[in-house]
Chemist: 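Here's a structure for you.
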Number of protein chains: 2
Amino acid sequence: MAPAPAPTHPLVRHLRSTTDITSDDLDALLSLMRDQQDVDKGYEVVREGDHPTRCCLLLTGFACRYKLMSDGSRQIVAFNVPGDLPDLLSLHLGVMDHSLATLAPSRLAYVPHDALRQLTAERPKLTACLWRQTIIDSSMFLEWMTGLGRRAAPSRLAHLICEVMARLAIVGLVDEGQTILPVTQADLADALGLSYVHVNRILQEFSREGLLDFRRRLLTVHDWPRLKEIAEFDPTYLHLMQPATID
Amino acid sequence: MAPAPAPTHPLVRHLRSTTDITSDDLDALLSLMRDQQDVDKGYEVVREGDHPTRCCLLLTGFACRYKLMSDGSRQIVAFNVPGDLPDLLSLHLGVMDHSLATLAPSRLAYVPHDALRQLTAERPKLTACLWRQTIIDSSMFLEWMTGLGRRAAPSRLAHLICEVMARLAIVGLVDEGQTILPVTQADLADALGLSYVHVNRILQEFSREGLLDFRRRLLTVHDWPRLKEIAEFDPTYLHLMQPATID
DNA sequence: CGCATCTTTGAGAGTAATCAAACGCGGTGG
DNA sequence: CCACCGCGTTTGATTACTCTCAAAGATGCG
């Protein structure tokens with residue numbers, strides 16, 4: 001039987017795919033990641049208003065960043081996949097202006113701000129890589145905003161699925177067009193600025209058309225080219241060093 | 001008569017209000033800003049797909065960043081006021097994934113990426129300030145996204161006006177609740193994900209209620225507290241070092 | 001087996017888009 | 001000085017997308 005592929009650290013996969021980080025800087029960064037924790041789904045890593053003193057790395061699982069409105073509604077502004085540094089921005093922001101929570105049982109690693117700040121003071125190249133990382137984040141926000149503002153609901157949903165698939169593929173979590181996407185339709189709705197009822201109807205339409213199926217957290221894309229077409233998905237904004245990994 | 005207040009450089013006002021930059025770093029940065037240019041309204045500073053080799057500083061005028069959709073519609077993702085470094089992110093991004101254009105006659109200063117990169121390699125403190133700056137940008141995107149996804153149209157418009165007023169106030173461009181906002185209602189619509197017809201109707205409603213008037217690029221806010229209330233405007237996400245400047 | 005969570009369905013209501021046309025104002029040129 | 005022109009704004013009528021509310025099915029976990 002074929003041996004399982006060497007399990008590469010997701011952070012390594014992630015950073016290598018979006019930056020030209022050196023092995024040396026990578027090792028230095030990884031050496032700070034000793035403090036790890038397993039958490040359940042629904043764990044709030046940081047909350048709006050917090051003054052965090054450390055950043056976290058998502059090793060396994062799934063997370064999202066969101067803001068809560070006064071009427072109780074929630075806008076999810078980002079999904080995070082393994083390898084992401086979801087709250088890296090807290091390094092340069094006193095106060096969190098949004099929250100971060102897991103959507104699935106997850107493993108987190110923590111890096112104290114102090115250590116990270118010292119590391120960046122010593123290593124300009126690494127600093128540039130991490131800075132670039134936060135900027136790519138903001139690129140994704142821009143794309144998301146554009147979807148919220150100007151894309152019709154089906155295209156918006158398709159685009160979100162394309163993005164998440166692409167990012168999961170980078171860290172090796174997509175197999176034959178299938179992936180576990182541990183979110184509910186209500187979570188998708190919160191990300192898309194739609195109601196969950198409407199999301200449900202669009203998903204049914206997609207399924208009826210043979211485009212994809214999303215049931216019980218298992219996402220199966222049957223027709224990636226057409227999905228990309230509906231989404232008008234252009235992965236440029238992910239700023240990958242190599243061309244996209246699905247096609 | 002009272003002497004006019006000393007005209008401070010807008011970049012200085014801006015950076016001082018959002019970071020703890022030192023005078024020394026500030027001078028170093030300013031010394032790179034020699035290359036200046038006056039441009040007309042509608043000038044495209046950088047375009048989606050470009051590979052810029054310099055960043056710009058908006059000295060006077062008004063600009064916006066936007067993405068164009070295949071159907072010709074436009075999503076404005078940010079407005080830029082004097083003192084902003086609207087495309088600082090291009091320093092760490094090979095390709096622009098959105099465009100930047102002026103909305104009013106403006107004066108720009110350019111800084112080559114080379115020079116800026118060298119400066120950041122030498123000055124970790126300055127790097128942190130600029131990094132922070134790009135992160136605050138991304139905070140504003142998050143707030144904007146939340147508005148697009150979850151705020152009703154009137155609240156969304158009110159929020160945008162609050163933000164722009166607050167940021168103009170920082171650089172001293174608001175006087176007695178009045179400011180020149182050099183955008184059309186169609187521009188506002190492109191920023192808000194609404195049609196210009198709808199924006200017009202909301203503005204009329206605001207005017208009828210005595211909340212504000214926006215005519216021929218002159219914005220007059222009559223009832224700032226109520227505007228903030230409608231917008232649920234909480235300036236935390238602007239990450240100002242001092243509390244907000246209007247109240 | 002029972003409960004909690006998540007998904008699905010239907011009906012009715014509203015918000016905002018679209019289309020089309022008129023209006024107002026400032027600038028230009030005769 | 002007036003007529004015209006263009007940009008931006010305003011208006012009205014119609015359409016349609018999406019939400020809300022309410023309730024019924026599924027599914028999986030304990």
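Convention: sequence-line order gives letters A, B, ...; per-chain numbering from 1.
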Chemist: What are the bounds, 5' to 3', of the part of DNA chain D that sits under 4.0 Å from heavy atoms of chain B?
Modeler: D:dG8 to D:dA13

Chemist: Tell me, which of residues 186-199 of chain B have any heavy atom that sits under 4.0 Å from an atom in DNA chain C?
Modeler: B:G193, B:L194, B:S195, B:V197, B:H198

Chemist: With respect to A:S106, which candidate in A:D40, A:V45, A:L58 satisfies the side-chain contact (heavy atoms from CB on, under 4.5 Å) definition?
Modeler: A:L58

Chemist: By side chain to side chain donor-acceptor pair (under 3.5 Å), which residues pair with B:D234, not counting sequence neighbours?
Modeler: B:T236

Chemist: What side-chain donor-acceptor pairs closer than 3.5 Å can you find for residues 169-179 of chain B, not counting sequence neighbours?
Modeler:
from: B:Q178; atom 1: OE1; to: B:T220; atom 2: OG1; distance (Å): 3.1
from: B:T179; atom 1: OG1; to: B:L173; atom 2: O; distance (Å): 2.9

Chemist: How would you give the extent of chain B contacts on DNA chain C, as first and last nucleotide 5' to 3' within a 4.0 Å heavy-atom cut-off?
Modeler: C:dA16 to C:dG26

Chemist: Among residues at least two apart in sequence or on other chains, which ones pass side chain to side chain donor-acceptor pair (under 3.5 Å) with B:R65?
Modeler: B:H98, B:D137

Chemist: Does a side chain donor of either B:Q133 or B:T18 reach within less than 3.5 Å of an acceptor in the other side chain?
Modeler: yes

Chemist: Indicate every side-chain donor-acceptor pair of residues 78-89 of chain A with a distance under 3.5 Å to a residue at least two apart or in another chain.
Modeler:
from: A:N80; atom 1: ND2; to: A:D84; atom 2: OD2; distance (Å): 3.0
from: A:D84; atom 1: OD1; to: A:H14; atom 2: ND1; distance (Å): 3.4
from: A:D84; atom 1: OD2; to: A:V81; atom 2: N; distance (Å): 3.0
from: A:D84; atom 1: OD2; to: A:R167; atom 2: NH2; distance (Å): 2.8
from: A:D87; atom 1: OD1; to: A:C56; atom 2: N; distance (Å): 2.8

Chemist: Name all pairs fulfilling the ring pair (Phe, Tyr, Trp, His ring centres under 6.0 Å) condition that reach into residues 173-206 of chain B, sequence neighbours left out, sorted by first residue then second.
Modeler: none

Chemist: Taking ring-ring contact (aromatic ring centres under 6.0 Å, His included) as the test, write out the residues that go with A:Y237, two or more places apart.
Modeler: A:H159

Chemist: My understanding is that only residues two or more places apart in sequence, or in another chain, count here; which of them pass side chain to side chain donor-acceptor pair (under 3.5 Å) with B:R107?
Modeler: B:Q36, B:D38

Chemist: List the residues meeting side-chain contact (heavy atoms from CB on, under 4.5 Å) with B:R208, not counting sequence neighbours, and say none if there are none.
Modeler: B:Q204, B:E205

Chemist: If we fit an axis to the first five pairs and another to the last five of the helix from C:dC1-D:dG30 to C:dG30-D:dC1, what angle do they make, to the nearest 10°?
Modeler: 40°

